[in-house]
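Contents: one structure, followed by commentary.
Not measured: the values here are computed from a predicted model. Order of the sequence lines fixes the chain letters, A, B, ..., with proteins taken first and strands second; residue numbering starts at 1 for each chain.
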Amino acid sequence: MKKIEAIIKPEKLEELREALDAKGFFGMTITEVKGRGVQRGITLEWRVGEYRVEFLPKVKVEIVVNAKDVDTVIEVILAICSTGSVGDGKIFVLPVEEVVRIRTRERGGAVV
Amino acid sequence: MKKIEAIIKPEKLEDLREALDAKGFSGMTITEVKGRGIQRGITLEWRVGEYRVEFLPKIKVELVVDDKKSAEVIAIIIGVCKTGSIGDGKIFVSPIEEVIRIRTGERGEKVL
Amino acid sequence: MNINSGDTAWVLISTALVILMTPALGFFYGGMVRKKNLLSTIMLSVVILALITVQWMLFGYTLAFGPDHGGIIGGLDWLGLMKVGGAPHAGYAPGVPHLAFMAFQLAFAVITPALITGAFVERINFSGFLVFTLLWSTFIYAPVAHWIWGIGGWLRALGALDFAGGAVVHITAGVSALAVAMVIGKRKGYGKDNMEPSNIPLTVLGAFLLWFGWFGFNGGSALSAGAVAAQALVATNASGAAAALTWMIINWSHKRPSVLGFSTGAIAGLAAVTPASGYISPLSALLVGVVAAALSYYMIIFRMKIGFDESLDVFACHGVGGIWGIIATGIFAQKALNPAGANGLLFGNPHLFFIQLLTVVVVAGFSFVVSYLLAKIVDTMFSLRAKDNEENVGLDIAQHGESVY
C-alpha cells in the first residue's frame, strides 16, 4: 500500500474530493497547512506598508491506497489541480506497511 | 523503526494519551485534521435547511517506535479508540529510515 | 424655538445606537461567508459608514430633506450642511437641534446601502462597489427618503406611514439586493461547493448588536423622549422576540433549532416592525413578528430552490420584512396610540391600507429598476465582479492584502 500526500491549493479541494469520489476513492484526511515552494511567499498589507508572508495556506490531502491504484489517483489529482500556474502544489508517494480499521480490527488492503 | 499514524475521534485523544503514557509511550505528535471514510460527511443546519460538511474533525496521532513495539501500540490504540461505531478511524503503519534528536544530534532507535 | 434637552439627549444617543448597527451588520454578514472573504465582507459595511457620512454631509442630506421640489426631491439649499445648525427645524423635529436630526438621518443613510452588500459578498469588485454605493445613495435613497419623510414629499402628502424606514430602508435595500444579485451572477461553485460559514458566533454577535441598536433606530424615530418612543421600543423588542422564536420552531419542526436560524429570525422580525413600531400596540407587534419570520423563512427556501444566489438573503429578510411591515402598518395602526399616525384596516380605515400598498409597489418598483440600471452601468464601466482568480483565492488576500485567523 502507498500513501499519496498532495499539497494543493485550498480552492481545489472540493473539486478534487468530488473527482476522487466519482472514482470510488472516498476516504481521505485533509489538513490545513502552510507551505512554500518555488513561489516563495507573498506580500500582505499592514497598517501602512507591507509585511511578508513566507508560507501560504495550502491543503494537505492524504490518501492511502493499494499500490495498483496509485497512478489512477495521481492522474485525478493532476487533472484537477494542475492549472499551470506557480503554487499548484506537489504530490509525494510513501510506502505504508499496514492499515487497521479501528472499528472492526480488519487489516490490510481490503480496508483502504 | 515504524511510524504509526492513527486517525481517531477527537474525544478519544485524552484517554489514548493516558493509555500510551502508562505503557511508556510518551512521545507523540498530534494534528487537528479533517477526514472522511465510509461515513462520508454529515449535514449541519443553515438558516433554513441544511448544508453538507464533507469532512469531519479528527485527530491524527503520530508516534515513531521501534519495530518490535508497533504491535503493542496498535493494540493500545484499538483498545481505547474502538467503539464499534462508524468513524472510529484508521491506523497506518509506515517505515521510518532515520530519526535524529535535534538537541544532541543523536541518531537511531535510542532516540525513541 | 426652545431646545428640549430630554428629546435632544435621546436623539443623540439613538444616533450613536444606529451608527453601531453598521459594523454590527458587517459582523452579521461576515460570519456567514467563507473564511477567505470574512474581512472583505466586514469592510463592505464599515467603509460605507465613512463614505456615506461624507456623501450625506456634502449633498445627500439636502437632496433627501432639503426644501421640496415638486414632491420628488429636496433642493440644494442645505448643500454642505449650509443653514443646518443648532436651531431646531420646526417641521422635522421641534425641540431638537437641526444638526442632531441630520446626524440621526445620516445613520439611516449609512446602514441602508450596507444592507444590500449581503447580496454580492464573496465576488464583488471593491472599486466598482464604492461607485455603485455612491450612486445608489444619491439616486435611490435620497429621493425615496424625500418622498416618504421629506416635508412636501408626495407619498408623505398622501398619508403614507413609515415610522422608521420599512420602505425607505428595508424595501429599498431588499429589492435592490435582488437587482444587483441578478447583474453580478452566482458565486463560482454556488450550489456545488461547500460554502461553510466562517464564524457563526460572529454572526450571532452581529445579530444581537443589531437588535440592541434597533432601539435607537425605532425608538429614536419618535424624535422625542416620550410615550411614542417607549411604545416603539416595546414593539421592536416584541417583534424581534416573536420572530426569533417562530423561526426556531419552524426550524425545529424540520430538523434542529439552529443558532444561525434563530438569529436570522430576530432580524426578520426587527425589520418588519420598523415601519409599524410607532403606530401599533405591543400585542400587534408580536403578531407582526410571527408572520415576518414565517414569510422570510419560506422565501429563503424558495430562493434556494430556484438556485438564485442572492447570497445572504437581503430580500428575504429585509425586502419581505419591509413589505410586510408597511402593509401591517396599514392593518394595525391606531391613531389613539400616536396622534401623528392614522387608523389602519382593523380600526375602520381601509384608505390607509391602500396608501400603504401603493407605497410598497412604488418603492419596490423604483428601487428594482433604478438599481438594475445602476448596477449595469457600473458593471460596464468599472466591473462589478471580481476577477476569477481573486474569487478563487478569496477577496481578503486578493483585494485587501490581508487574511484572518
Side-chain angles (χ1 to χ4, degrees), chain A residues 1-8 10-35 57-67 69-70 73 80 92-112, chain B residues 1-10 12-13 15-16 29-41 51-62 64-65 67 70-97:
Chain A
M1 285 162 291
K2 300 286 182 193
K3 175 159 85 169
I4 298 165
E5 196 174 304
I7 311 291
I8 64 168
E11 66 263 26
K12 291 290 182 186
L13 176 63
E14 265 319 295
E15 222 180 313
L16 178 60
R17 180 194 59 73
E18 277 178 19
L20 288 168
D21 246 6
K23 300 263 183 188
F25 301 100
F26 48 77
M28 67 191 79
T29 303
I30 66 165
T31 317
E32 290 180 11
V33 297
K34 295 195 170 178
K58 299 283 171 189
V59 169
K60 177 164 81 176
V61 181
E62 292 166 281
I63 310 161
V64 176
V65 296
N66 287 309
D69 293 324
V70 169
V73 171
I80 303 289
F92 306 101
V93 182
L94 295 77
V96 171
E97 296 178 348
E98 183 62 288
V99 181
V100 185
R101 174 173 283 143
I102 295 174
R103 173 168 52 91
T104 56
R105 297 170 188 266
E106 287 166 273
R107 288 173 182 247
V111 172
V112 300
Chain B
M1 288 165 292
K2 304 287 184 201
K3 175 158 88 170
I4 297 168
E5 192 175 308
I7 311 293
I8 63 168
K9 290 185 170 171
K12 289 293 183 184
L13 177 63
D15 286 349
L16 178 60
T29 304
I30 67 159
T31 317
E32 290 181 8
V33 298
K34 294 188 173 181
R36 71 201 299 258
I38 45 179
Q39 184 181 8
R40 316 271 169 112
Y51 64 96
R52 185 123 186 107
V53 174
E54 299 285 353
F55 296 92
L56 299 179
K58 298 285 172 188
I59 297 279
K60 179 161 77 176
V61 180
E62 290 166 283
V64 176
V65 297
D67 293 3
S70 86
E72 185 186 355
V73 170
I74 292 172
I76 294 170
I77 297 172
I78 293 175
V80 173
C81 298
K82 173 177 155 52
T83 66
S85 70
I86 202 164
D88 277 349
K90 288 200 182 65
I91 304 170
F92 305 107
V93 182
S94 46
I96 293 286
E97 294 182 353

Proximal component of A/Glu106, with respect to chain B [non-hydrogen, under 4.5 Å]: neither
Leading residue by heavy atom contact count with chain B [cutoff under 4.5 Å; candidates A/Thr104, A/Leu94, A/Asp21]: A/Asp21
Which of B/Val93, B/Ile7, B/Asp88, B/Ile77 touches chain A most, by non-hydrogen pairs under 4.5 Å: B/Val93
Sub-4.5 Å side-chain heavy-atom contact between A/Arg107 and B/Ile74: yes
Donor-acceptor contact present, side-chain B/Lys90 to main-chain A/Arg101, <3.5 Å: no
Minimum heavy-atom distance between A/Arg103 and B/Gly84, given as atom pair plus value: CD-O, 3.2 Å
Heavy-atom contact with chain B under 4.5 Å, split by part of A/Val61: neither
Where B/Ser94 and A/Pro95 come nearest, the two heavy atoms and their spacing: CB-O, 3.1 Å
Heavy-atom side-chain contact between A/Glu62 and B/Phe92 under 4.5 Å: no
Contacting moiety of B/Ser70, where chain A heavy atoms sit under 4.5 Å: neither
Proximity breakdown for A/Ile30 and chain B, heavy-atom pairs closer than 4.5 Å: both
Note: B/Lys2-A/Glu98 ion pair, threshold 4.0 Å (strictly below): no
Partners meeting salt bridge (Lys or Arg N to Asp or Glu O under 4.0 Å) with A/Asp69 (sequence neighbours left out): none
Beyond-backbone contact of A/Glu14 with B/Glu54, side-chain heavy atoms, under 4.5 angstrom: yes
Side chain / backbone / both / neither for B/Lys34 at chain A, heavy atoms under 4.5 Å: both
Chain A contact via B/Glu5 - side chain, backbone, both or neither, heavy atoms under 4.5 Å: side chain
Region of B/Thr83 that comes under 4.5 Å of a non-hydrogen atom in chain A: neither
Contact winner vs chain A - B/Lys58, B/Glu32, B/Lys3, B/Lys60, heavy-atom pairs under 4.5 Å: B/Lys60
